[in-house]
Novice: 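Let me give you the structure first, and then I'll get to my questions.
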Amino acid sequence: MTSERYNAREAEPKWRGVWEQKGLFDTRNDDPRPKYYVLEMFPYPSGRIHMGHVRNYAMGDVVARYKRARGFNVLHPMGWDAFGMPAENAAMANKTHPAAWTYANIATMRDQLKSMGLSLDWKREIATCDPSYYKHQQRMFLDFLEAGLIDRKTAKVNWDPVDRTVLANEQVIDGRGWRSGALVEQRELTQWFFKISDHAQDLLDALDGLDRWPEKVRTMQKNWIGRSEGLKVRFALDPATVPGGEGELEIYTTRPDTLFGAKFMALAPDHPLARAAAAKNPALAAFIDECKRMGTAQEAIDRAEKKGFDTGIRAVHPFDPSWTLPVYVANFILMDYGTGAIFGCPAHDQRDLDFVNAYGLGVRPVVCPEGTEPSTFTVTDVAYDGEGRMINSRFLDGMTPAEAREEVAKRLETETLNGRPVGERKVNFRLRDWGISRQRYWGCPIPVIHCDACGVVPVPKSDLPVKLPDDVTFDVPGNPLDRHPSWRNVPCPRCAKPARRETDTMDTFVDSSWYFARFTDPWNEADPTDPATADAWLPVDQYIGGIEHAILHLLYSRFFMRAMRRTGHAGIDEPFAGLFTQGMVVHETYRTADGSWVSPAEIRILSEGGERRAQLLATGEPVTIGSIEKMSKSKRNTVDPDDIIGSYGADTARWFMLSDSPPERDVIWTEEGVQGAARFTQRMWRLVNDIAVLPRAAPAAYGPAALAMRKAAHRALIRTEEDVERLRFNRCVAHVYELANALQAAIGAQETACPDDLAAALREAADILVAIVAPIMPHLAEECRSALGHATLAAETPWPVADRSLVVEDEITLPVQVNGKKRADVTVARDADSASIEAAVLALDAVRKALEDRPVRKIIVVPQRIVNVVG
RNA sequence: GCGGGCGUGGCGGAAUUGGUAGACGCGCCGGAUUUAGGUUCCGGUGGCGAGAGUCGUGGGGGUUCGAGUCCCUCCGCCCGCACCA
């Protein structure tokens, strides 16, 4: 009976030292055991770790430690997503260098992560801002360029006026830059693009094979890729109405079945035909200008009402030369989707309906819902986009829309205009190419040189890396590389004449698109990967991170893996076989009377008669308890992991993080919850010490109490296995509590000396308890294992072998229902047949009473489950 | 508007996937130990009822011997995408 408390502050560093000294978590590539690669999304070195990191890395560490105990060769590495804007902002604000700021943050955060007791292979640590990393990224850029995976083109791009850089479509959220929050403008710039859209179909198809990804993420990617099947249709233009002899207008539609409901054509404001018409029509030109002004901000586009301008051009209906349609320029048509032109069918498209209602162009329904009389079917304010039968559509009448689509496609494919088919089937994707050029300093330089004579010349691979110059300043806005002559001006590698380096750097999402592959062989100086080693480790078996990367990082990585395969750096397509997206850490918010936010560390919670109140620690001033929100600096509702680890220990923080809330949901951080977790560490320690003093024995047989103990232990073991495999950590925690409760009850029930059989059962149960706690609270597990007299470390102890025969009961107690309501229990032999169970059930007083003399109509016996008597 | 998810005690959540609703934790109530306790231990804790019971998983309906779980319908909340032709 020990009265000594478990001292996490002393024990935790001690055990970490032992693990490190024995190199327990260093992973060898030549280890013959089956591999398991578990990876958490690597952090941006922002300064200090936050509770979100603690949650993320605690989850990954449980998986890593569990799989290691199960005999896998586990790869569990850590690195730093170290390029990016905040380092430049810090450099501007503090007159430091981005590298100095970044590496200092890395040093701090590495220590913090180490204090969590994570079983990481630190020998594989990488930082993306290190030339030893980005050198290989530049090499792959050149390989991709050779393989035709990269394009340089002028395109309308998203320009962030605050960060003064280009953003990818994926980085524009609600029309604003994902970092700066500034309204994004559209600009024409020459940029480097990864041709991700060439892989759209493959990226879409392969989603079906990612069965260990959350359905939600797959759906989001599916929608983002945005495949649609349709028809390109070329409309002849009435020669009398065109500005400059244009003969035709090509549109894209997914609803060719509604062609007989067409009421107008519409062009994007920057469509060539619109420009040509505007050249001769000042009013139209003014309208287009107005659209463009609106168009600079994505958000304005979303809110703008439907506006159009009649160009006076008439388009000829493909099925009727005598039928012409007005051609409008409209503000809701996008130049970069389809062909930048549409035909409008108001009856069956809400947008088109709004448009004709504004311009008085009329509506003609061509699809009639089943059960509605065609002659009375009208569309006024709400477009009908459902199924039905074709009407008002000549040779299509009576068909379903699907049949009509096929019929129209068939006819238009064979019809010709100017010697080419009028219609052409076309699959369209919403996914655009990935623009990677950024006008920033703190990123991976794009390894090309611009020569007036030779054009774009790749930097010879032997000259890599193209290192960032150190001597830069951030006192003026813009890209310091642009104004660094000695770095920028270089001879052309091809003709040796004066030339200029590319001063754009790569989007930081490029850095994170292959780091998981680099971890497989981070020491390789010659190549980005050793393909055989990469293929042996990849795909990542379990990837864990936030849902915010559902599209950006995960889609880019999937593309990059394919590109690496094409260029011989790996042999697989999909980087992440299993993906888990964890929830956020949230906390109550607090405000003083004047409305300013107060941090949890500054207040005291008082509870009186079930009412919770808060007051300021310093002054006693009352504080309002507000809603539960994501931890954020602005609302000051953060809790510093250092403080928690300092006062309670890493194990308590890890334990609480994984208790209660399912890992995919948000977890509410509460002081009471942490204290509960801390209480359990002490309880576990006492329990283990109580058992450690019991005699060691090898009993010949186990009595009922000992057997019950063994059953409880093996049941907890089996359930924990199931739940760790499915990442249901909250249930794992519950199993631990249940076993601890059972152990405590068994010890408490002993009034005299503990018999040998029970002592042995308790020791076995304690070992199992330590084993199932170990992945979550690894330091405490070591201390307990040592107290129980074992010489080996918990971290290198194989997972206990569950005895499944123990959890199979000889006798089982079945609930007995009468007409669906539980009235009794019946205990029968496990393999009792239905007839004997029925007899036993009918003999029960409670059953006879519940039946109230009604005859038994039926008895349902569900083996091992339940009995229901129907009377 | 389109797509996805969710709704269970005072709170976080379990429920073997159609089979005893509320595991486990937090909180709360009572008792014991303690000079004291923000320690530890024991007991209790969905509502109503003295009790046998009875009601109960957002509301209503259905399928079934049996529904938190399946179907229909309504209500509420959350997330993602959004003029994509």
Side-chain angles (χ1 to χ4, degrees), chain A residues 3 5 173-174 214-220 222-224 226-228 230-231 251-255 258 266 268 298 301-306 330-334 336-345 349-352 354-355 382-383 385 428-431 547-548 550-551 607 609-610 612 655-656 659-662 664-668 670-677 679-680 682-683 686 719 722 728 730-738 740-741 744-745 748 813-825 849 857-871:
Chain A
S3 57
R5 289 173 65 80
I173 293 142
D174 292 337
E215 192 58 46
K216 180 181 174 135
V217 174
R218 288 196 283 170
T219 305
M220 282 167 71
K222 226 170 254 177
N223 292 341
W224 188 264
R227 182 184 201 272
S228 69
L231 202 63
I251 61 97
Y252 176 71
T253 181
T254 56
R255 292 296 303 272
T258 64
Q298 193 70 39
I301 297 174
D302 295 347
R303 285 201 231 286
E305 55 183 288
K306 313 270 170 289
N331 63 348
F332 61 91
I333 307 302
L334 307 173
D336 58 0
Y337 188 83
T339 63
I342 62 152
F343 83 83
C345 173
D349 182 294
Q350 190 60 45
R351 210 181 27 192
D352 296 347
D354 295 344
F355 189 78
V382 181
D385 61 0
N428 231 311
F429 293 97
R430 212 187 71 118
L431 183 67
I547 185 79
E548 67 272 19
I551 293 171
S607 89
R612 289 176 78 248
W655 182 255
F656 175 63
S659 316
D660 293 352
S661 292
E664 69 280 7
R665 276 193 232 173
D666 292 351
V667 63
I668 306 172
T670 64
E671 188 60 25
E672 292 88 345
V674 180
Q675 281 171 7
R679 210 178 300 142
F680 180 70
Q682 297 301 336
R683 198 173 137 216
R686 281 196 309 272
R719 289 183 178 171
E722 287 167 5
R728 303 203 292 196
N730 55 321
R731 290 174 33 127
C732 297
V733 167
H735 303 323
V736 169
Y737 274 117
E738 231 165 333
N741 291 346
Q744 202 163 339
T813 300
L814 295 176
V816 178
Q817 295 182 336
V818 177
N819 293 330
K821 284 194 187 297
K822 194 204 163 192
R823 298 294 177 182
D825 289 305
K849 195 180 155 206
R857 284 195 285 146
K858 199 166 159 191
I859 299 181
I860 291 130
V861 177
V862 183
Q864 320 277 311
R865 282 267 185 276
I866 201 167
V867 182
N868 194 6
V869 181
V870 185

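Bear in mind the structure is a predicted one, so any value in this text is a computation, not a measurement. Atom set for the values below is all heavy atoms of this structure, side chains included, hydrogens, waters and symmetry mates excluded. To find a chain, count down the sequence lines: A is the first, B the second, and so on, and within it residues start at 1.
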Novice: Base, sugar-phosphate alone, or nothing: which one does Glu738(A) contact when heavy atoms must sit under 4.0 Å apart?
Specialist: sugar-phosphate
Novice: To the side chain of Asn223(A), which of U20(B), A85(B), G3(B) is closest?
Specialist: G3(B)
Novice: Have a look at Ser659(A) and say if it touches a base, only the backbone sugar-phosphate, or nothing, with a 4.0 Å heavy-atom cut-off.
Specialist: nothing
Novice: Can you work out whether Gln744(A) or Asn868(A) has the more 5'-proximal nearest nucleotide on RNA chain B?
Specialist: Gln744(A)
Novice: Between atom CH2 in Trp655(A) and atom P in G25(B), what is the gap in whole Å?
Specialist: 10 Å
Novice: Taking the side chain of Glu672(A) as heavy atoms from C-beta outward, which of G3(B), C26(B), G19(B) is closest to it?
Specialist: C26(B)
Novice: Atom CD1 of Ile342(A) and atom OG1 of Thr254(A): how far apart are they, to the nearest 0.5 Å?
Specialist: 10.5 Å
Novice: When you get a sec, tell me which of G25(B), C81(B), A85(B) is the closest nucleotide to the side chain of Trp224(A)?
Specialist: C81(B)
Novice: Does a donor on one side chain sit under 3.5 Å from an acceptor on the other, for Tyr737(A) and Ser659(A)?
Specialist: no
Novice: Side chain of Arg683(A), heavy atoms from C-beta onward: which of U17(B), U20(B), G25(B) has the nearest atom to it?
Specialist: G25(B)
Novice: So what does Val870(A) touch, heavy atoms closer than 4.0 Å: a base, only the sugar-phosphate, or nothing?
Specialist: sugar-phosphate
Novice: Measure from the side-chain heavy atoms of Ser228(A) and tell me the nearest of G19(B), A85(B), C24(B).
Specialist: A85(B)
Novice: Take atom OH of Tyr252(A) and atom C1' of C83(B), then tell me their distance rounded to the nearest Å.
Specialist: 16 Å
Novice: Asn819(A) CG to U64(B) C1': how many Å, rounded?
Specialist: 13 Å
Novice: Do the side-chain N and O atoms of Gln744(A) and Arg686(A) include a donor-acceptor pair separated by under 3.5 angstrom?
Specialist: no
Novice: What's Arg857(A) touching, base or sugar-phosphate or nothing? Going by heavy atoms closer than 4.0 Å.
Specialist: nothing
Novice: Determine, for Phe332(A) and Lys306(A), whether the Lys NZ or Arg CZ falls below 6.0 Å from the six-membered ring centre while staying within 45 degrees of the axis.
Specialist: yes
Novice: Taking the C1' atom in each of U45(B) and G25(B), what is the distance between them to the nearest angstrom?
Specialist: 14 Å
Novice: Does Arg686(A) make a side-chain N or O approach to OP1 or OP2 of C41(B) shorter than 4.0 Å?
Specialist: yes
Novice: Rounded to whole Å, please give me the gap between CD1 in Ile866(A) and C1' in U69(B).
Specialist: 14 Å
Novice: Using atom P of each nucleotide, how far apart are U64(B) and G51(B) to the nearest Å?
Specialist: 37 Å
Novice: To the nearest 0.5 Å, tell me how far Asn730(A) CG sits from Glu664(A) CD.
Specialist: 7.5 Å
Novice: On RNA chain B, check which nucleotide each of Ala734(A) and Gln675(A) is closest to and give me the residue with the more 5' one.
Specialist: Ala734(A)
Novice: Check every strand shown and say whether Lys858(A) touches a base, only sugar-phosphate, or nothing at a heavy-atom separation below 4.0 Å.
Specialist: sugar-phosphate
Novice: Please report, rounded to the nearest Å, how far the P atom of A82(B) is from the CG atom of Asp349(A).
Specialist: 18 Å
Novice: Considering just the side-chain nitrogens and oxygens of Asn730(A), establish if one lies under 4.0 Å of OP1 or OP2 belonging to A14(B).
Specialist: yes
Novice: Whole Å only: how far is the NZ atom of Lys306(A) from the P atom of C84(B)?
Specialist: 8 Å
Novice: So which nucleotide from C83(B), A85(B), C24(B) ends up closest to the side chain of Tyr337(A)?
Specialist: A85(B)
Novice: For a quick check of understanding: with a heavy-atom distance under 4.0 Å over all strands, which category does Leu814(A) fall into, base, sugar-phosphate or nothing?
Specialist: nothing
Novice: In whole Å, what is the span from the CG atom of Asp385(A) to the P atom of C84(B)?
Specialist: 12 Å
Novice: Under the criterion salt bridge (charged side-chain N to carboxylate O under 4.0 Å, His left out), I'd like the reasoning laid out for Arg719(A) against Glu722(A): C-alpha separation, chi angles, the key distance, then a yes or no.
Specialist: CA-CA 5 Å; Arg719(A) 289 183 178 171; Glu722(A) 287 167 5; over 6 Å; no
Novice: So if I take every side-chain heavy atom of Ile668(A) and compare against U40(B), G25(B), G12(B), which nucleotide ends up nearest?
Specialist: G12(B)
Novice: Taking atom P of G38(B) as reference, at what distance in whole Å does atom CD of Gln682(A) sit?
Specialist: 18 Å
Novice: Would you classify Arg823(A) as touching base, sugar-phosphate or nothing, given that sugar-phosphate means primed atoms plus P, OP1 and OP2, and contacts are heavy atoms under 4.0 Å?
Specialist: sugar-phosphate
Novice: Side chains of Asn223(A) and Arg218(A): donor-acceptor distance under 3.5 Å anywhere?
Specialist: no
Novice: With both distances under 3.5 Å as the test, what is the Watson-Crick or G-U wobble partner of C81(B)?
Specialist: G1(B)
Novice: For atom C1', what is the distance between A21(B) and U16(B), given to the nearest Å?
Specialist: 14 Å
Novice: Just compare C81(B), A85(B), A14(B) and give me whichever is closest to any side-chain atom of Arg665(A).
Specialist: A14(B)
Novice: When you compare U33(B) with G43(B), how far apart are their C1' atoms, in angstrom units rounded to a whole number?
Specialist: 15 Å
Novice: Answer yes or no: does a side-chain N or O of Arg351(A) lie under 4.0 Å from OP1 or OP2 of C84(B)?
Specialist: yes
Novice: With a cut-off of less than 4.0 Å, is there a side-chain N or O of Arg679(A) near OP1 or OP2 of C26(B)?
Specialist: yes
